[in-house]
Amino acid sequence: MAMDVVDYEIFGSEMQYVEVELDPGEAAIGEAGVMMYMQDGIQMDTIFGDGSAQQGGFFGKLMGAGKRLLTGESLFTTVYHNEGSGKRRVAFAAPYPGKIVPVDLSKVGGTLICQKDSFLAAAKGVSLGIAFQKKIGVGLFGGEGFIMQKLDGDGMAFIHAGGTLLEKTLAPGETLRVDTGCVVAFQPSVDFDIQYAGKVKTALFGGEGLFFATLSGPGKVWLQSLPLSRMADRIVMASRAAGGGGKEGGTALAGFGLGSLLGNDE
(Lines give C-alpha, C1' and ligand atoms only; values in the text may rest on other atoms or scores of the structure.)
Protein backbone atom coordinates (compact mmCIF):
# COMPACT_ATOMS: atom_id res chain seq x y z
CA MET A 1 0.00 0.00 0.00
CA ALA A 2 1.34 3.41 -0.95
CA MET A 3 1.59 5.96 1.81
CA ASP A 4 -1.04 8.68 1.84
CA VAL A 5 0.61 12.08 1.36
CA VAL A 6 -1.00 14.42 3.87
CA ASP A 7 -0.69 18.14 4.47
CA TYR A 8 -0.60 19.39 8.04
CA GLU A 9 -0.34 22.45 10.28
CA ILE A 10 0.69 22.61 13.95
CA PHE A 11 -1.03 25.11 16.25
CA GLY A 12 -0.22 26.38 19.74
CA SER A 13 2.95 26.75 21.76
CA GLU A 14 2.91 24.81 25.05
CA MET A 15 -0.25 22.75 24.46
CA GLN A 16 -0.14 21.97 20.76
CA TYR A 17 -2.36 20.16 18.30
CA VAL A 18 -1.72 19.11 14.71
CA GLU A 19 -4.34 19.55 12.01
CA VAL A 20 -4.04 17.03 9.15
CA GLU A 21 -5.66 17.79 5.80
CA LEU A 22 -6.95 14.77 3.87
CA ASP A 23 -7.82 14.69 0.19
CA PRO A 24 -10.81 12.54 -0.86
CA GLY A 25 -9.91 8.90 -0.27
CA GLU A 26 -6.92 9.67 1.97
CA ALA A 27 -6.68 8.51 5.56
CA ALA A 28 -4.67 9.04 8.73
CA ILE A 29 -4.16 6.79 11.75
CA GLY A 30 -4.23 8.06 15.32
CA GLU A 31 -3.41 6.74 18.76
CA ALA A 32 -6.42 6.07 20.96
CA GLY A 33 -7.68 9.16 22.77
CA VAL A 34 -5.73 11.86 20.88
CA MET A 35 -8.38 13.00 18.38
CA MET A 36 -9.41 16.63 19.00
CA TYR A 37 -11.95 17.22 16.22
CA MET A 38 -12.79 16.18 12.68
CA GLN A 39 -14.79 17.82 9.94
CA ASP A 40 -17.95 16.45 8.42
CA GLY A 41 -17.17 13.87 5.76
CA ILE A 42 -14.49 12.03 7.71
CA GLN A 43 -15.37 8.47 8.68
CA MET A 44 -13.77 7.06 11.83
CA ASP A 45 -13.06 3.32 12.06
CA THR A 46 -11.40 1.27 14.80
CA ILE A 47 -9.21 -1.59 13.55
CA PHE A 48 -6.72 -4.16 14.80
CA GLY A 49 -3.10 -2.98 14.45
CA ASP A 50 -2.41 -0.03 12.14
CA GLY A 51 -3.97 -1.08 8.84
CA SER A 52 -0.66 -1.03 6.96
CA ALA A 53 0.20 -3.34 4.06
CA GLN A 54 2.33 -5.45 6.40
CA GLN A 55 -0.81 -6.47 8.24
CA GLY A 56 -2.83 -7.91 5.39
CA GLY A 57 -5.18 -10.74 6.31
CA PHE A 58 -6.46 -11.82 9.70
CA PHE A 59 -3.15 -13.29 10.91
CA GLY A 60 -1.25 -10.15 9.95
CA LYS A 61 -3.77 -7.97 11.76
CA LEU A 62 -3.54 -10.19 14.83
CA MET A 63 0.26 -9.96 14.83
CA GLY A 64 0.07 -6.19 14.46
CA ALA A 65 -2.30 -5.91 17.40
CA GLY A 66 -0.02 -8.17 19.45
CA LYS A 67 2.96 -5.91 18.75
CA ARG A 68 1.03 -2.90 20.03
CA LEU A 69 0.09 -4.84 23.16
CA LEU A 70 3.78 -5.56 23.84
CA THR A 71 4.56 -1.82 23.79
CA GLY A 72 1.79 -1.14 26.30
CA GLU A 73 -0.53 0.47 23.74
CA SER A 74 -4.11 -0.40 22.87
CA LEU A 75 -4.81 -3.41 20.64
CA PHE A 76 -6.71 -1.06 18.35
CA THR A 77 -5.85 1.91 16.16
CA THR A 78 -8.30 4.50 14.88
CA VAL A 79 -8.32 5.27 11.15
CA TYR A 80 -9.81 8.51 9.83
CA HIS A 81 -10.97 8.26 6.19
CA ASN A 82 -12.02 11.23 4.09
CA GLU A 83 -15.22 9.97 2.46
CA GLY A 84 -16.25 13.42 1.22
CA SER A 85 -15.84 15.05 -2.17
CA GLY A 86 -13.45 17.78 -1.02
CA LYS A 87 -10.57 18.29 1.38
CA ARG A 88 -11.38 17.57 5.03
CA ARG A 89 -9.39 18.04 8.24
CA VAL A 90 -8.87 16.06 11.42
CA ALA A 91 -6.89 17.31 14.42
CA PHE A 92 -4.86 15.41 17.02
CA ALA A 93 -3.97 17.00 20.38
CA ALA A 94 -0.88 16.56 22.56
CA PRO A 95 -1.65 14.75 25.84
CA TYR A 96 0.44 17.10 28.05
CA PRO A 97 2.57 20.26 27.67
CA GLY A 98 5.29 19.95 25.06
CA LYS A 99 5.93 19.95 21.32
CA ILE A 100 4.53 17.92 18.45
CA VAL A 101 7.32 16.71 16.18
CA PRO A 102 6.49 16.15 12.49
CA VAL A 103 8.82 13.54 10.98
CA ASP A 104 8.94 12.71 7.28
CA LEU A 105 10.06 9.08 7.46
CA SER A 106 11.36 9.18 3.89
CA LYS A 107 13.95 11.75 5.03
CA VAL A 108 15.23 9.76 8.03
CA GLY A 109 15.84 6.47 6.26
CA GLY A 110 12.31 5.08 6.47
CA THR A 111 12.48 4.01 10.12
CA LEU A 112 12.25 5.82 13.45
CA ILE A 113 12.70 4.35 16.94
CA CYS A 114 10.69 6.18 19.61
CA GLN A 115 9.35 5.91 23.12
CA LYS A 116 6.31 3.69 23.31
CA ASP A 117 4.03 6.54 24.48
CA SER A 118 5.26 9.29 22.14
CA PHE A 119 3.34 8.36 18.97
CA LEU A 120 0.34 10.57 18.15
CA ALA A 121 -0.69 10.05 14.52
CA ALA A 122 0.59 9.25 11.03
CA ALA A 123 -0.43 9.01 7.41
CA LYS A 124 -2.24 5.79 6.53
CA GLY A 125 0.32 3.19 5.46
CA VAL A 126 2.92 3.91 8.14
CA SER A 127 3.59 0.68 10.03
CA LEU A 128 3.66 0.70 13.84
CA GLY A 129 5.93 -2.04 15.12
CA ILE A 130 8.27 -2.83 17.98
CA ALA A 131 12.03 -2.50 18.35
CA PHE A 132 13.71 -4.88 20.77
CA GLN A 133 16.78 -3.47 22.46
CA LYS A 134 19.55 -6.04 21.99
CA LYS A 135 21.62 -4.90 24.96
CA ILE A 136 20.68 -6.27 28.38
CA GLY A 137 21.63 -2.99 30.08
CA VAL A 138 19.12 -1.06 28.00
CA GLY A 139 16.41 -3.60 28.71
CA LEU A 140 16.96 -3.68 32.47
CA PHE A 141 17.80 -0.05 33.23
CA GLY A 142 16.77 2.02 30.22
CA GLY A 143 13.60 3.41 31.73
CA GLU A 144 11.61 2.46 28.62
CA GLY A 145 12.43 -1.22 29.04
CA PHE A 146 13.41 -3.81 26.49
CA ILE A 147 10.83 -2.74 23.91
CA MET A 148 10.42 0.56 22.10
CA GLN A 149 8.14 1.53 19.24
CA LYS A 150 9.28 1.43 15.61
CA LEU A 151 7.68 3.47 12.84
CA ASP A 152 8.30 2.24 9.29
CA GLY A 153 7.35 3.77 5.94
CA ASP A 154 7.90 6.85 3.82
CA GLY A 155 5.00 9.03 5.03
CA MET A 156 4.49 11.66 7.72
CA ALA A 157 4.42 10.67 11.39
CA PHE A 158 3.74 12.87 14.39
CA ILE A 159 5.28 12.20 17.79
CA HIS A 160 5.07 14.18 21.03
CA ALA A 161 7.90 15.47 23.24
CA GLY A 162 7.28 16.84 26.73
CA GLY A 163 8.48 20.33 27.63
CA THR A 164 11.02 21.84 25.23
CA LEU A 165 12.25 19.86 22.24
CA LEU A 166 15.88 19.39 21.23
CA GLU A 167 16.72 18.03 17.78
CA LYS A 168 20.37 17.12 17.32
CA THR A 169 22.29 15.37 14.55
CA LEU A 170 25.20 13.36 15.93
CA ALA A 171 28.36 12.97 13.87
CA PRO A 172 29.97 9.51 13.55
CA GLY A 173 31.45 8.64 16.94
CA GLU A 174 29.87 11.64 18.69
CA THR A 175 28.25 10.62 21.97
CA LEU A 176 25.61 12.33 24.07
CA ARG A 177 24.81 11.26 27.64
CA VAL A 178 21.15 11.78 28.48
CA ASP A 179 18.70 11.10 31.28
CA THR A 180 16.89 7.93 30.20
CA GLY A 181 13.45 9.56 30.33
CA CYS A 182 14.51 12.46 28.09
CA VAL A 183 15.01 10.29 24.99
CA VAL A 184 12.03 10.73 22.62
CA ALA A 185 13.22 9.20 19.35
CA PHE A 186 16.28 8.41 17.26
CA GLN A 187 17.28 6.94 13.92
CA PRO A 188 18.26 3.24 13.86
CA SER A 189 21.83 4.23 12.95
CA VAL A 190 22.22 5.74 16.44
CA ASP A 191 23.65 3.37 19.05
CA PHE A 192 21.52 3.46 22.21
CA ASP A 193 23.14 2.13 25.39
CA ILE A 194 22.92 2.50 29.17
CA GLN A 195 25.85 3.42 31.44
CA TYR A 196 26.26 3.38 35.20
CA ALA A 197 26.54 6.82 36.79
CA GLY A 198 30.02 5.90 38.05
CA LYS A 199 29.98 7.07 41.65
CA VAL A 200 27.72 5.62 44.33
CA LYS A 201 27.37 8.96 46.14
CA THR A 202 26.41 10.73 42.93
CA ALA A 203 23.94 7.99 42.04
CA LEU A 204 22.28 7.97 45.45
CA PHE A 205 22.22 11.69 46.26
CA GLY A 206 22.58 13.47 42.93
CA GLY A 207 18.91 13.04 42.04
CA GLU A 208 19.68 11.71 38.55
CA GLY A 209 19.47 8.00 39.28
CA LEU A 210 21.92 5.12 38.92
CA PHE A 211 22.03 5.05 35.11
CA PHE A 212 21.93 7.35 32.10
CA ALA A 213 21.52 6.75 28.38
CA THR A 214 24.30 7.16 25.84
CA LEU A 215 23.43 8.03 22.25
CA SER A 216 26.27 7.61 19.76
CA GLY A 217 26.19 8.80 16.16
CA PRO A 218 25.83 8.93 13.31
CA GLY A 219 22.19 9.91 13.19
CA LYS A 220 19.50 12.26 14.42
CA VAL A 221 18.04 12.24 17.94
CA TRP A 222 15.08 14.01 19.52
CA LEU A 223 15.15 14.82 23.24
CA GLN A 224 12.55 16.24 25.64
CA SER A 225 13.11 18.45 28.66
CA LEU A 226 10.02 17.23 30.56
CA PRO A 227 9.34 13.48 30.52
CA LEU A 228 5.82 12.56 31.57
CA SER A 229 7.21 10.39 34.39
CA ARG A 230 9.15 13.34 35.83
CA MET A 231 6.10 15.60 35.74
CA ALA A 232 3.97 12.90 37.36
CA ASP A 233 6.54 12.43 40.14
CA ARG A 234 6.52 16.17 40.90
CA ILE A 235 2.72 16.20 41.04
CA VAL A 236 2.69 13.26 43.45
CA MET A 237 5.36 14.89 45.64
CA ALA A 238 3.44 18.17 45.69
CA SER A 239 0.20 16.44 46.64
CA ARG A 240 1.92 14.60 49.49
CA ALA A 241 3.54 17.80 50.72
CA ALA A 242 0.18 19.59 50.68
CA GLY A 243 -1.37 16.63 52.50
CA GLY A 244 -3.63 17.03 55.50
CA GLY A 245 -7.36 16.71 55.73
CA GLY A 246 -10.11 19.18 56.30
CA LYS A 247 -11.17 22.16 54.29
CA GLU A 248 -7.85 23.96 54.77
CA GLY A 249 -5.75 21.07 53.39
CA GLY A 250 -2.70 22.34 51.49
CA THR A 251 -2.71 25.84 53.00
CA ALA A 252 -0.13 27.44 55.24
CA LEU A 253 -2.61 27.29 58.11
CA ALA A 254 -3.02 23.57 57.61
CA GLY A 255 0.71 23.06 57.71
CA PHE A 256 0.95 24.57 61.18
CA GLY A 257 -2.33 23.11 62.40
CA LEU A 258 -3.68 26.64 62.93
CA GLY A 259 -6.76 25.95 60.85
CA SER A 260 -7.95 23.37 63.36
CA LEU A 261 -7.10 25.61 66.30
CA LEU A 262 -9.06 28.53 64.88
CA GLY A 263 -11.92 26.25 63.91
CA ASN A 264 -12.21 24.98 67.51
CA ASP A 265 -12.01 28.42 69.09
CA GLU A 266 -15.55 29.12 70.25
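Starting from 1, each residue takes its place in the sequence as its number.
At a cut-off of 3.5 Å, with distance as the only test, no side-chain donor of Thr214 or Asp193 sits close to an acceptor on the other residue.
Ring orientation note: the planes of Tyr17 and Phe11 are close to parallel, at an angle under 30° on the 30°/60° scale.
More than 12 heavy atoms of other shown residues, nucleotides or ligands fall within 6.0 angstrom of atom CD in Glu83.
Looking at every heavy atom in both residues, Met156 comes nearest to Val126 through O-CG2, 4.0 Å. Considering every non-hydrogen atom in both Ala123 and Ile29, the closest pair reads O-CG1, 4.3 Å.
In this structure a side-chain-to-backbone donor-acceptor pair under 3.5 Å is present from Gln224 to Gly162. No donor-acceptor pair under 3.5 Å is formed between the side chain of Glu31 and the backbone N or O of Ser118. One N or O on the side chain of Asn82 and one on the backbone of Leu22 form a donor-acceptor pair closer than 3.5 Å.
Aromatic rings from Phe192 and Phe186 are positioned such that their centres are separated by under 6.0 Å. For Tyr96 and His160, the ring centers sit closer than 6.0 Å to each other.
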Next on the checklist: I'd like to know whether Met38 forms a side chain to side chain contact (heavy atoms under 4.5 Å, CB included) with Arg89, so could you lay out the CA-CA distance, the side-chain angles of the two residues, the decisive distance to 0.1 Å, and finally the verdict.
Outcome noted: CA-CA 6 Å; Met38 57 183 176; Arg89 297 189 175 195; over 6 Å; no

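Using a 4.0 Å cut-off between charged nitrogen and carboxylate oxygen, Lys124 and Glu26 do not count as a salt-bridge pair.
Taking CG of Leu170 as the start and NZ of Lys220 as the end, the distance is 11.0 Å to the nearest 0.5 Å. The distance from atom CD1 of Ile194 to atom CZ of Phe212, rounded to the nearest 0.5 Å, is 9.0 Å.
You'll find the side chain of Pro227 stays beyond 4.5 Å of the side chain of Val183, heavy atoms only.
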